[in-house]
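The block underneath contains the structure these notes are about, expressed in structure tokens.
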Amino acid sequence: MDILSGLAADIKNQVQHLFDYEISQEHLIINPTNKEFEGDYTFVVFPLVKQLKKSPQDIADGLGKALVAESQLVTGYNVVKGFLNLSIDSKYFLSVLKGILGDENYGQHPDNGQTFMIEYSSPNTNKPLHLGHIRNILLGWSVAKIASANGYKVIKTKVVNDRGIAICKSMLAWKKFADGETPESSGIKGDHLVGKYYVEFEKAFQSEYKSWQASDDGAQAYKENGKEGELEENFYKRYKNTYFNQFSALGKEAREMLIAWEDNQQETRSLWETMNGWVYDGFATTYKALGVEFDDIVYESDTYLLGKDTISDGLETGVFYKKEDNSVWVDLEDVGMDHKIVLRSDGTSVYITQDLGTAAVRYDKYKFDRQVYVVADEQEYHFQVLFNILKKLGAEYADNLYHLSYGMVDLTTGKMKSREGTVVDADVLMEQVIETARDSAEERGGLEGLQESEKADIYRKIGLAALKYFLIKINPRKRMVFDPKESVDMQGTTGPYIQNAYVRIQSILRKANGEKGAYSDDTALENAEKDILVMLLSYPDVIKEAFAKYDPSTVANYMYSVAKSFHKYYHDYRILSAETDETVSLRIDICKAVARVLEKGMDLLGIEMPSYM
RNA sequence: GGCCCCGUAGCUCAGUUGGAUAGAGCAACUGACUUCUAAUCAGUAGGUCUCAGGUUCGAAUCCUGACGGGGUCACCA
């Protein structure tokens, strides 16, 4: 039997019996008892005071007495102010323990028959993945895992932004400057090579722009368009896009390339395919290193024309309206927003047009019950607009869409900007954390008997655990500062700290060799053991809560508290050399249960557990 | 300026469907390894929970208003 629901039922009955009062669910508040008090669970009696017109002390006292007498679960109580602290019979905790050990999928909620769709990662193909992508990817992966643990059928997807002006810039620079360089010829990973030429383009463009600024035309533009008192520097920063579109020779070439691509021109298409191919090979390596996968990959080149049908339908039903210049708009003032464009005056799509189309196609294909988009918080407004348009269009799934908005990652030196070369590269970063894990493991020793390949695998697991836990322990919506030193910390609230608890258990289990004696159902438990079991018992609820909030940090923080409790227990109690064989068996079982929850919970965060460290 | 998010110890963060004396980690200092892995444990020190009102038996948590920081408001994606 479940302790909590049993306890709730017993309390409800006794309140009815003693005071002739039916307690409502919202007033039936039961929490694990705080450390500094005696007891396992605490019932808060304050909400009853008004109704029953008795003092908190009297209510708690009467209820405590009755529970000890009538409830199988309760063996003792004490009252502090309006808090009734209840001690639970050890045998119920032993049954919790048996339940965990007997359930290889402990924490997994039953299949609910619903489909959960999640879009994450969604990279551009003109540059490699960086730290910001890692946060996105880890969040997406983890929410997908958590959804699955909640009984959903999960479909993980990403939209690859494989077309557009950005990739054309890389292509153009490659044609101009690369002299036929390939990943094979240069030994550079494909996505990095393409990124290199994106940077080359930017350099060439900047130098072209600089000379233009010094020219008469440039000076003229500043004179005519500069705002009152605006510094030249600021003006030219602001004016960059205009320059690119109207005056730049490189800009013109890049745009021509885009048009050639849209016209399906052979040479451009073939270069595009080649370079994107390099990028995909590179991405595949990075995703694999991060340990993530996708079920369905959508390429923007296949979908960028989608959504136009949706626009014409919307025009007919009056959701959209056309301006004189032929551009199409939606009026969102009734939901507190502006008018937004959904189709350009030349009839081409804007970003949101594609999103409208993609959402519709995706729903037709999968009939998802919920869909989450994992995208940075700078796009919050965009998703508000998207969801509201879908609502207006009468899409039945519109209410089941959610934008999981996460804060951007800053560096200690400021914002990451790819144009300014201040990004932290994903591949380099992973390499570094693994290297750091190796250094500190070698310094510490303890892996002597293992093969080199086993050691390398352990360093990888530890390094990635440090990095991943560092990123995912923080509430997604908070902007975070990435300090490279802290990200490889392996002490305190870190991935390796949690791994270490697991490794200690593995070590014990290796040394346990065989069963000792069975322990009986009324073996007494130490308070520390009850505390651990109370915590393990709450694991399925943690999974539920994490999904309800779409927040993996809930799981991360819980994992830390489990590991912390175990470390203390390990320090305070002997396990293999406990007083009796029965106690040894009991403690080994507790270790096994802790290990099970640690391993499963960390898996939800995409973190692997080593057997040694 | 409108809308959204954030503000808790020196630093990084938990805690926010209202519950006990607001918790961790890092950094600092002290102690514990011939004993199951010290990537550990224990202790000291560190707080007007940004501020001001309000609701409540009870507010870091809910409401109102300030203040500070960030994001966004493109025929960009």
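Predicted model, so just to flag it, every value in this text is computed and none were measured.
A heavy atom lying under 4.0 Å from RNA chain B marks the following residues of residues 336-345 of chain A, by number: A:D338, A:I341, A:R344, A:S345.
For the C1' atoms, the distance linking B:rG43 with B:rC6 amounts to 35 Å, nearest Å. Taking the C1' atom of each, B:rA52 and B:rA60 are spaced 16 Å apart, rounded to whole Å. Taking atom C1' on both B:rC26 and B:rG46, the two are 13 Å apart, rounded to the nearest angstrom. B:rA74 and B:rU8 have their C1' atoms separated by 38 Å, with the value rounded to a whole Å. Taking atom C1' in both B:rA42 and B:rC49, one finds a spacing of 28 Å when rounded to whole Å. Separating the P atom of B:rG7 from that of B:rU12 is a span of 12 Å, rounded to the nearest Å. As rounded to the nearest Å, B:rG53 and B:rA59 have C1' atoms that lie 14 Å from one another. Rounded to a whole angstrom, the distance from the C1' atom of B:rC62 to that of B:rA27 is 36 Å.
As rounded to whole Å, 17 Å separates atom C1' of B:rC3 from atom NE2 of A:H382. Look at CD on A:Q379: it is 14 Å from C1' on B:rC73, rounded to the nearest Å. The CG-C1' distance, from A:N126 to B:rA77, rounds to 11 Å in whole Å. Taking atom NE2 of residue A:H403 and atom P of nucleotide B:rU72, one finds them 12 Å apart after rounding to whole Å. The interatomic distance linking A:D489 (CG) with B:rA27 (P) rounds to 7 Å, in whole Å. Distance CD1 (A:I498) to C1' (B:rA24): 12 Å, rounded to an integer number of Å. In this entry the distance linking OH of A:Y381 with C1' of B:rC76 reads 15 Å, nearest Å. A straight line from CD of A:Q246 to P of B:rC76 spans 12 Å, rounded to a whole angstrom.
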Test A:H130 against A:M416 for side chain to side chain contact (heavy atoms under 4.5 Å, CB included), laying out the working first.
-> CA-CA 10 Å; A:H130 58 68; A:M416 274 199 291; 4.0 Å; yes
Might you work through the salt bridge (charged side-chain N to carboxylate O under 4.0 Å, His left out) test for A:E579 and A:R574, ending with a clear yes or no?
-> CA-CA 9 Å; A:E579 301 72 32; A:R574 308 297 306 162; over 6 Å; no
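At a threshold of 4.0 Å, the pair A:K240-A:E202 counts as salt-bridged, since one of the basic side-chain nitrogens sits closer than that to a carboxylate oxygen.
Qualifying side-chain hydrogen bond (donor to acceptor under 3.5 Å, both in side chains) partners for A:K455, counting only residues two or more places apart in sequence or in other chains: A:E452. Checked against ring pair (Phe, Tyr, Trp, His ring centres under 6.0 Å), A:Y573 has the following partners two or more places apart in sequence or in another chain: A:Y569. Qualifying side-chain hydrogen bond (donor to acceptor under 3.5 Å, both in side chains) partners for A:N85, counting only residues two or more places apart in sequence or in other chains: A:T42, A:N78. Applying the side-chain hydrogen bond (donor to acceptor under 3.5 Å, both in side chains) criterion to A:H403, with sequence neighbours excluded, gives no partner residue. For A:Y243, the ring pair (Phe, Tyr, Trp, His ring centres under 6.0 Å) test picks out A:F205, A:Y209, A:W212, with sequence neighbours left out.
Counting only Watson-Crick and G-U wobble pairs whose two distances sit under 3.5 Å, RNA chain B takes part in these stems of three or more pairs: B:1-7 with B:67-73, B:10-13 with B:23-26, B:28-32 with B:40-44, B:50-54 with B:62-66.
Note: A:Y299 and A:W272 fail the aromatic proximity criterion, with ring centroids not under 6.0 Å apart. Under the 6.0 Å cut-off for aromatic ring centres, A:F83 and A:F37 do not qualify, their centroids lying 6.0 Å or more apart.
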Below 3.5 Å, can you tabulate the donor-acceptor pairs from side chains in residues 440-450 of chain A to any protein atom, sequence neighbours excluded?
unit_1	atom_1	unit_2	atom_2	d
A:R444	NH1	A:S440	O	3.4
A:E448	OE1	A:G446	N	2.8
A:E448	OE2	A:G446	N	3.1

Under 3.5 Å, which donor-acceptor pairs do the side chains of residues 157-169 of chain A form with other protein atoms, sequence neighbours left out?
unit_1	atom_1	unit_2	atom_2	d
A:T157	OG1	A:D296	O	2.7
A:K158	NZ	A:Y287	OH	3.4
A:N161	ND2	A:E300	OE1	3.4
A:D162	OD1	A:E300	N	3.3
A:D162	OD1	A:S301	N	2.8
A:D162	OD2	A:S301	OG	2.6
A:R163	NH1	A:E300	OE2	3.3
A:R163	NH2	A:E262	OE2	3.2

Output side-chain donor-acceptor pairs under 3.5 Å for residues 484-494 of chain A, partner residues at least two apart or in another chain, one line each.
unit_1	atom_1	unit_2	atom_2	d
A:S487	OG	A:P484	O	2.8
A:T494	OG1	A:Y497	N	3.2

Each nucleotide of nucleotides 29-41 of chain B classed B (base within 4.0 Å of a protein heavy atom), S (only sugar-phosphate) or -, in 5' to 3' order, makes ------SBBSBSS
B/S/- along nucleotides 10-20 of chain B (protein heavy atoms under 4.0 Å) is ---SS----BB
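The closest side-chain donor-acceptor pair between A:Y406 and A:N136 falls under 3.5 angstrom.
Cation-pi contact between A:K323 and A:W329: present, with separation from the ring centre below 6.0 Å and deviation from the ring axis of at most 45°.
If you check B:rG25, B:rC57, B:rA77 against the side chain of A:E300, the one that comes closest is B:rA77.
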